[in-house]
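Reminder, nothing fancy here: chain letters follow the sequence lines and each chain counts from 1.
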Protein chains: 2
Amino acid sequence: MTDHFDMPGHLARRFQQIAVAIFHAEVEAAGFDLTPVQYVALAVLRQHPGIDQATLAGLIAYDRTTIGGVIDRLFQKGLIIRAVSPRDRRAHVLHLTEAGLTTLEGIQPAVEAAQREMVAGLEPAEVTEFIRLFRKAITAANDRSRAPMKPAP
Amino acid sequence: MTDHFDMPGHLARRFQQIAVAIFHAEVEAAGFDLTPVQYVALAVLRQHPGIDQATLAGLIAYDRTTIGGVIDRLFQKGLIIRAVSPRDRRAHVLHLTEAGLTTLEGIQPAVEAAQREMVAGLEPAEVTEFIRLFRKAITAANDRSRAPMKPAP
DNA sequence: TACTGATTATCAGTATGCTGTCAATTAGCA
DNA sequence: TGCTAATTGACAGCATACTGATAATCAGTA
């Protein structure tokens, strides 16, 4: 374990770095301007329309502070709408706009291509196993970060 | 692949997030104040004393802009020394200080504990396979990020 | 009902990482 | 040798992520 290239921590950083770069390249080539984080937020928002920031953050394990900036930028781009919840005046409920839905659908092929490229060096069976191990490790350590994954209420 | 929780990109972000949180928790509990990125830079600098910023960045696949800030903070903490190279006046050669070496040695148990905790949900054989798949995917996609890994000259 | 505690979102501050750009310097070639 | 290209490190700017703190609001209880 002396070599940093055998350490899960370093490998995690490096793989994430590559994953983001590939995502940006594919998305830009497809004519869109959306970060990986913004994409996931948008995708989850389509599946769960009307949730507030805290719920969205819990579904994708974003920090509550981080999600604020992401929401701001998605709003600036006209992809989502934010409104004070009628049931809880602290909360801001979120909805995709038409442009948000169009963007999400248009960007999908690029996103899927990016996912394939990230693991292009692996055999198909290895990809399946890689994802399984990722999920297993993440599930077991879910509570170790400030922003754990939380199912929708 | 519709579920973001099956996408390598999202899994990479989430695992990296957990890995950093565990690293910070272990290192802080051991009485040190060092980030994962700062640790790797320090560790590689011990193995390759006297290299310049660009070479260090290449060895650990950091962006050339990022490495500047990391170096600054390690210098502020008194862990490294920076000097203009006699052979190339553009380059800054780097060396660990005594405090840097002491910190590196003292922090080692916490770092190794953190690495184990990141994959605590996996069986030992799964950990080995996880690391193998990480390395294989990363090696194949090395040139896809702005900061590829480069061996020492 | 009044109070305590939890929750929601925000803020300032710090640390990665990236983009593109720049000046200084070096290296390679005509 | 002289010129061009590449390299080194820096800068501003943007986008994640975290820390700890705060105000506003809600929920459960005395």
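A distance of 8.5 Å separates CG of A:L45 from CG of A:L74, quoted to the nearest 0.5 Å.
Under 4.0 angstrom from either OP1 or OP2 of D:dC18 there lies at least one side-chain N or O belonging to B:Q17. A close approach under 4.0 Å does not occur between any side-chain nitrogen or oxygen of B:Q16 and OP1 or OP2 of D:dT16. Taking 4.0 angstrom as the limit, A:R146 places none of its side-chain polar atoms (N or O) nearer than this to OP1 or OP2 of D:dA17.
Atom CG of A:D33 sits in a sparse spot, with 12 or fewer heavy atoms from other residues, nucleotides or ligands closer than 6.0 Å.
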Output a table of donor-acceptor pairs, distance under 3.5 Å, between side-chain atoms of residues 11-18 of chain A and any protein atom two or more places apart or on a different chain; print 'none' if there are none.
from  : atom 1 : to     : atom 2 : distance (Å)
A:R13 : NH2    : B:I60  : O      : 2.7
A:R13 : NH2    : B:A61  : O      : 3.3
A:R14 : NH1    : A:Q17  : OE1    : 2.7
A:R14 : NH1    : B:S145 : OG     : 3.0
A:R14 : NH2    : B:N142 : O      : 3.0
A:R14 : NH2    : B:N142 : OD1    : 2.8
A:Q16 : OE1    : B:R13  : N      : 3.3
A:Q17 : NE2    : B:A61  : O      : 2.9

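Here C:dT8 presents its C1' atom at 13 Å from CG of A:D63, a figure rounded to the nearest Å. D:dC14 atom P lies 18 Å from atom CG of A:L34, rounded to whole Å. Between the P atom of C:dG17 and the CZ atom of A:F23 lies a distance of 18 Å, rounded to the nearest Å. In this structure, the CG atom of A:L42 is 12 Å from the P atom of D:dT16, given to the nearest Å. One atom, CZ of A:R14, and another, C1' of C:dT16, lie 15 Å apart when rounded to the nearest Å. Between B:R13 atom CZ and C:dC18 atom P there is a gap of 17 Å when expressed in whole angstrom units. Computed from coordinates, the B:H24 NE2 to D:dA17 C1' distance equals 10 Å when rounded to whole Å. If you take CG of A:L94 and C1' of C:dA9, they are 12 Å apart, rounded to a whole angstrom.
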Tabulate atom names and distances for all N/O pairs under 3.5 angstrom spanning the protein and nucleotides 1-8 of chain D.
from  : atom 1 : to    : atom 2 : distance (Å)
D:dT7 : O2     : B:R90 : NH1    : 2.3

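The aromatic rings of A:F130 and B:F130 sit tilted, their planes meeting at an angle between 30° and 60°.
Here B:F134 and A:F134 bring their ring centres to under 6.0 angstrom of each other.
Under 3.5 Å, the side chain of B:T65 and the base of D:dC11 form at least one donor-acceptor pair of N or O atoms.
Pair assignment for D:dA30: C:dT1, on the basis of Watson-Crick or G-U wobble contacts that are both within less than 3.5 Å.
In this structure a side-chain-to-backbone donor-acceptor pair under 3.5 Å is missing from B:Y39 to B:V27.
Nucleic acid contact class of A:E28 (heavy atoms, under 4.0 Å, all strands): none. Within 4.0 Å of B:R82, counting heavy atoms only, lie sugar-phosphate atoms of the nucleic acid but no base atom.
The closest side-chain heavy-atom distance from B:I107 to B:L42 is not below 4.5 Å. Within the 4.5 Å cutoff, no side-chain heavy atoms of A:E26 are placed close to those of A:R116.
The hydrophobic clustering, which links ILVMFWY residues whose side-chain heavy atoms are closer than 4.5 Å, places A:M118 and A:I138 together. Follow the hydrophobic side-chain contacts under 4.5 Å out from A:M7 and you reach B:F32 in the same cluster.
Looking at which nucleotide of DNA chain C each of B:A147 and B:R87 is closest to, the 5′-most match is held by B:A147. When each of B:V93 and A:P36 is assigned the nucleotide of DNA chain D bearing its nearest heavy atom, the one mapping closer to the 5' terminus is B:V93.
Comparing D:dC18, D:dA17, C:dT19 against the side chain of A:V37 picks out D:dA17 as the nearest.
If you check residues 66-81 of chain A against DNA chain C, you find no residue with a heavy atom closer than 4.0 Å.
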